[in-house]
Amino acid sequence: MTNNLCEPKAVNKTGKILVVDDMPGMRLTLVEILEDEGYNVIVAEDGYQAIAAARENHFDIIFMDIKMPGINGVQALREIKRLDPGVAVVMMTAYSVEELIDEARSENILDVIYKPFDIEKILALVKASAGK
Amino acid sequence: MSKTEGRNYPTPPAEPPSDGEMLYRDMIELSPDTIMAVDMEGKVILCNESLVGLTGYPRSEVLGKHFTELKFLDGTRLPEYAGMFEAIMKGGDFPPVNTPVTRRDGGTALLEVRWARLQVGNEQILQATGRDIGEHKRLEAELKKKNRQLDAQNEELTAANEELRATEEELRAANEELLATNDELQETQERLLRSEKLAAIGQLAGGVGHELRNPLGAIKNAAYYVRNKINKSELAYGEPKILEFLDIIDDEINTADKIIGDLLGFSRVGKPSVSPVSIDAVINKALAHLTIPKNIVLRRELAERLPEIKADIEQLNQVLINLITNAIQAMPEGGKLIIKTFVRGDNLVIEVSDSGGGIPPDNLNKIFDPLFTTKAKGIGLGLAVCKSIIERHQGQISVNSQEGKGTTFSIELPRGNR
């Protein structure tokens with residue numbers, strides 16, 4: 001954060017975010033952007049890690065990829081919702097796996113976003129959930 | 001009568017008969033016709049074997065009798081015969097007379113009798129030669145009966161012939177129907193093959209498209225991050241090209257995403273999930289998705305009170321977006337975009353017209369083929385998707401284009417699809 005020409009937008013943000021994605025490129029860029037916005041971001045590479053993280057933390061918002069090796073995003077979502085029913089979850093997908101998306105929607109999620117997405121939309125969702 | 005009483009002709013000759021007489025007798029006896037001779041008083045003086053055989057009366061009951069006493073003659077007609085006898089004796093001619101005969105056994109026969117006057121010495125005798133025409137009559141009747149049967153058979157044949165002709169007509173009609181059905185089947189088969197080909201392309205395209213969206217997402221995020229950093233650094237001023245290049249990256253990501261969207265849209269053209277849809281709503285939704293450039297004038301000519309149809313709103317929306325996007329791209333220098341709806345027969349028609357450069361005739365029949373494109377950045381699936389969707393709605397899509405004047409795409413959807 002050196003050489004900034006203007007003040008970072010949200011240095012004081014305290015929201016805690018979980019990013020779950022098996023694709024390193026997607027995971028790293030998303031984490032970096034969110035951290036850059038001042039959020040506290042925890043990363044999980046698959047559904048198991050995500051459940052483990054949710055067991056120990058309450059997240060203001062979780063970004064969860066749907067298609068992952070091992071248990072898929074919807075299965076992880078169910079488990080996490082069991083642990084923390086009120087948690088806001090945004091499902092991410094590059095696929096139109098309609099059945100899984102429908103299943104996810106029935107689990108009281110915040111939204112489904114399709115890759116490649118506009119970061120602005122992600123930030124708006126974060127702001128709505130974590131910035132309250 | 002008394003003059004000839006007791007006489008039998010031929011009188012037994014005192015001398016043996018001559019050869020000529022013997023021959024004459026034989027001829028008389030052997031004749032198949034009945035032969036009888038009466039003298040001038042009307043008494044029978046001769047009869048042959050055929051007469052005996054036909055009537056069943058022995059010669060003793062015939063010879064020497066006056067012809068009016070003959071038992072085989074019809075009594076009611078005797079006056080007629082008597083009159084005839086008189087007339088012939090006086091030298092008159094008589095045509096053959098049909099004479100019914102009653103046999104001794106009660107049976108009947110019909111003889112055609114010819115009379116002839118003969119001179120024997122000083123006396124005249126009449127010879128009656130009878131030919132049994134009962135058989136002839138029977139044959140005639142049989143012939144008539146056969147004729148009637150033939151007529152009836154002929155009528156039957158004519159009727160059968162008529163029936164055959166009608167059947168032939170029916171067969172011809174059925175054949176024509178079969179030919180038409182065959183044509184339809186061929187068309188359906190071609191359409192099936194086409195849709196199978198499309199499905200295979202779609203499956204491949206869908207798979208590839210999905211896989212590309214992950215890396216594309218990461219690139220987009222990375223570009224966003226880099227732009228953010230540049231914006232906050234001196235590089236934003238010192239190296240303005242960096243931001244320009246980031247714009248290029250963003251644009252190309254969007255283009256790539258659009259191509260993938262087309263591919264996925266193409267692969268996703270499945271069975272329409274239908275619900276009652278207002279065409280106006282579909283058009284408005286599509287227009288809301290798009291930005292109409294300022295140099296293009298949009299005119300809506302939407303028919304009022306169009307009935308709702310049963311359709312997949314998302315799929316129809318995609319069709320409209322594709323057609324309107326094409327229309328806009330056909331008018332880079334600006335022009336008129338007309339969206340028109342109306343009812344034609346049992347169909348609802350949606351027309352999207354542009355006033356662009358038109359489509360060369362050579363390309364017109366290829367534009368709905370998948371992977372055919374004239375655009376530098378297109379992959380040629382937009383119109384193929386449109387066609388596929390409209391056909392799945394039992395509709396038709398067609399194009400009318402004049403080079404230099406513009407193009408009209410026309411969608412017809414059955415109103416019965418409600």
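Atom set for the values below is all heavy atoms of this structure, side chains included, hydrogens, waters and symmetry mates excluded.
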Which distance, rounded to the nearest 0.5 Å, do you find between the OG1 of T93(A) and the CZ of R213(B)?
-> 9.5 Å
Let me know which of L30(A), I122(A), L123(A) forms a side-chain contact (heavy atoms from CB on, under 4.5 Å) with Y224(B).
-> L123(A)
Heavy-atom nearest pair, A218(B) first then G25(A), reads CB-C, 3.5 Å
Can you tell if the side chain of D36(A) reaches within under 4.5 Å of the side chain of K229(B), non-hydrogen atoms only?
-> yes
N214(B) and M26(A): which non-hydrogen atoms are nearest, and at how many Å?
-> O-CE, 4.0 Å
Looking at E32(A) and Y225(B), what are the two nearest heavy atoms and their distance?
-> CG-CE1, 3.2 Å
Minimum side-chain heavy-atom gap N228(B)-E37(A) below 4.5 Å = yes
Looking only at heavy atoms, what is the nearest atom pair of G217(B) and P116(A), with distance?
-> CA-CB, 3.5 Å
Over 12 foreign heavy atoms within 6.0 Å of CD, Q396(B) | no
Proximal component of D257(B), with respect to chain A [non-hydrogen, under 4.5 Å] | side chain
Mind checking the CG-CG spacing from D118(A) to N254(B)? Nearest 0.5 Å is all I need.
-> 7.5 Å
